[in-house]
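A short worksheet on the structure shown next.
Keep in mind that this is a model prediction, so the values were computed, not measured. All ligand and atom numbering here is 1-based and tracks the order in the structure. Residue numbers start at 1 and run along the sequence shown.
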Amino acid sequence: MCGIIGIVSDKGNLKERIIEGLKRLEYRGYDSAGVALRKENGIFVRKKKGKVSQLEEELREVEVNSRVGIGHTRWATHGEPSDPNSHPHSDCTGRIALVHNGIIENYPQLKEELRRRGHNFRSQTDSEVIAHLVEEEASRDDFLEAVRRAVNRLEGSFALVIINSDEDALYIARKDSPLVVGLGEGESFVASDIPAFLPWTNRVIFLENGEIGRLSFSGVEIYDFQGKRKEKKPQVIGWSLAQAEKGGYRHFMLKEIHEQAKAISDTIGPRIERDTNSAVIEDLPLAPRHIKDVLILACGTSYHAGLVGKFYFEELAGLKTDVDYASEFRYRRPVLSPSTLVVAISQSGETADTIGALRKAKEMGAPSLAICNVVGSSITREADSVLYTHAGPEISVASTKAFTTQLSLLYLLAVYLGRERGKIDREQESGLLSQLLSLPSKIEHMLREQEEKIREIGVDLSSYNDALYLGRHLNYPIALEGALKLKEISYIHAEGYPAGEMKHGPIALIDENLPTVFIATESKVLDKVRSNMEEIKSRRGKIISLLSGEHPEIEELSDGVIKVPLVDEYLFPIINIIPLQLIAYYAADFLGHDVDQPRNLAKSVTVE
Ligand code: AGP
């Protein structure tokens, strides 16, 4: 997965704006970065292994007055991170340059064919073949037609932005990788994601699969891959620039953790009818009474949200629910029926495994619902219906506010389904929703009261090599998610486990070098969790507890305690994850890691 941007503007001087856009896209990959700017008699290209800031430094003294340019920030797939493998890639003549996000599956055959025709390749990437293909076609056709013919030969996924040395224009094409056009005054933009050009316009057009286009100062023309003109209406996006910036926080992750109370309010508020306190769900692909069971498909943090969703759907709506890793579901022979509601959960809406699993479920005739944060993303277009989380842009690679908004929406959906299916009455619904509505202020209170304590615990945890996260029932998925957060940003090995399963194996690991984070908030299994704590303590294990209410005996067993406000049992997962996100954040920050852009990762994983 990579981030790409292109700008064509009658105001000129694009270098700074392309770099600024790339910085906003860096969450998509940060192995290398590069720019190409059209100059008077050719194309200036500079690309470099490392982050965008390193490229920026290298370009500091460079003056190129350009009215069209492209940029790329890379997450390496084909070819190691290196200067030659960085984008933009050029043809043999240097008169064409392009940036690509995706994977060209038939590149070995194309490369061989182009080599035989005398083309010279300078990188090991799949992307470079596209520049040479366009070069071949451009020798006999106008440029748009050349791009169209070239993309018709590509197999795999691509979002492409291409420039040539003869004109102030950007050529774009999309198949299975995101691309959004932005329309400004005397200038047009294209990027993998909206925040890249949000400072300059919020009027956007989402490119669909199989579309190709030409951008100029005055706007965009869009065609299908057969060359037929398409009319598309721009949409105005409600995201503000402040949402896409750090707003005084040291990192996006810390800002996004603190935004959770608001993000939850924004997600649930418009879906609760205040007079009656009842749930309003705008769009479902199947009437609630016709749903027989539910299948949730997702990856990573979104998968953990799905595990909590299973409790909600089963216990509040009486619907048998399975949760599958999208990457596993794709290659099984699952049993689905037209009355299985398939729910694909994804922050980005661009995760390749989740898209693949959703397509498979659709092929099998199941109705599908997307729970997604990014407006217009691939998953939202492919699912039969969409419910958006309104978390705003999530920039940090480690997902935080997307998770808690997913949980809030799953809870609300389960309450709605429970009511419509006659499993809960109006009074119960009103009670459950009142609890949900009170959550944001409780989260704010907890952050005010507990953050310093959590910071100390995070710093302390940073001195260990491993950590165990234990929870039961609704909090087992939270143990998984807490461990994932610690792993991905602090690089400390962590394992989430059901507390009751520990005695079947992992207990052998316990000694004074393995701290355990226990999620021990109020629940029907709290006594059992306390017994699991005793088992750890008697083996000299260090214990950190998440507690609600007064439990002196648990405090006694614990080396560190974080107090969480009392909420309804079903809502504890939403509030409990927040201290665990902060523990990971403070541990990683103390260790000096790049919290927002952890090594080897990318925000949305658009490859299998
Ligand atoms: C979470 O912190 C991760 N970065 C990752 O597990 C992520 O949740 C996963 O890749 C799924 O992404 P999605 O929600 O955008 O589909």
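The protein heavy atom nearest to atom 2 (O) of ligand 1 is Glu488 OE2, 2.4 Å. Nearest non-hydrogen protein atom to atom 9 (C) of ligand 1 is Cys299 O, 3.8 Å. Scanning all protein heavy atoms for the shortest distance to atom 7 (C) of ligand 1 gives Thr301 N, 4.1 Å. With respect to atom 15 (O) of ligand 1, the closest heavy atom belonging to the protein is Ser348 OG, 2.7 Å. Counting only heavy atoms of the protein, atom 16 (O) of ligand 1 lies nearest to Thr351 OG1, 2.4 Å. Regarding atom 10 (O) of ligand 1, its nearest protein heavy-atom neighbour is Val605 CG2, 4.1 Å.
The pair Glu451-Arg448 does not count as a salt bridge, with every side-chain nitrogen at least 4.0 angstrom from each carboxylate oxygen. Look at Arg359 and Glu382 and you find a salt bridge, because one of the NZ, NE, NH1 or NH2 atoms lies within 4.0 Å of a carboxylate O, short of that distance. We find that Glu259 and Lys255 are joined by a salt bridge, their nearest charged nitrogen and carboxylate oxygen being less than 4.0 Å apart. Using a cut-off of 4.0 Å between Lys/Arg side-chain N and Asp/Glu carboxylate O, Glu452 and Arg455 are scored as salt-bridged.
Every N/O-N/O distance between Thr354 and ligand 1 stays at or above 3.5 Å. For ligand 1, the polar-atom distance check against Val397 finds a nitrogen or oxygen pair separated by under 3.5 Å. When only interatomic distances are considered, the shortest N/O to N/O separation between Gln406 and ligand 1 does not fall below 3.5 Å.
Each of the following atoms of ligand 1 lies closer than 4.0 Å to a heavy atom of Ala398: 2 (O). Heavy-atom contacts of Ser399 reach the following atoms of ligand 1: 1 (C), 2 (O) (cutoff under 4.0 Å). Interface atoms of ligand 1 facing Ser302, defined by a heavy-atom separation under 4.0 Å, are 8 (O), 13 (P), 14 (O). Interface atoms of ligand 1 facing Lys485, defined by a heavy-atom separation under 4.0 Å, are 1 (C), 2 (O).
Heavy-atom minimum distance, Thr389 versus Asn373: O-OD1, 2.9 Å.
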Quiz: residues 461-468 side-chain donor-acceptor pairs under 3.5 angstrom, not counting sequence neighbours:
unit_1	atom_1	unit_2	atom_2	d
Ser462	OG	Val459	O	2.5
Ser463	OG	Asp460	O	2.8
Asp466	OD1	His493	ND1	2.8

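With a 4.0 Å heavy-atom cut-off, ligand 1 is reached by no atom of Glu350.
With sequence neighbours left out, the salt bridge (Lys or Arg N to Asp or Glu O under 4.0 Å) criterion links Asp596 to no other residue.
Panel note: side chain Asn101, backbone Ala159; no donor-acceptor pair is recorded below 3.5 Å.
Between Tyr312 and Tyr570, the ring planes lie perpendicular to each other; the angle is over 60°, past the 30° to 60° tilted range.
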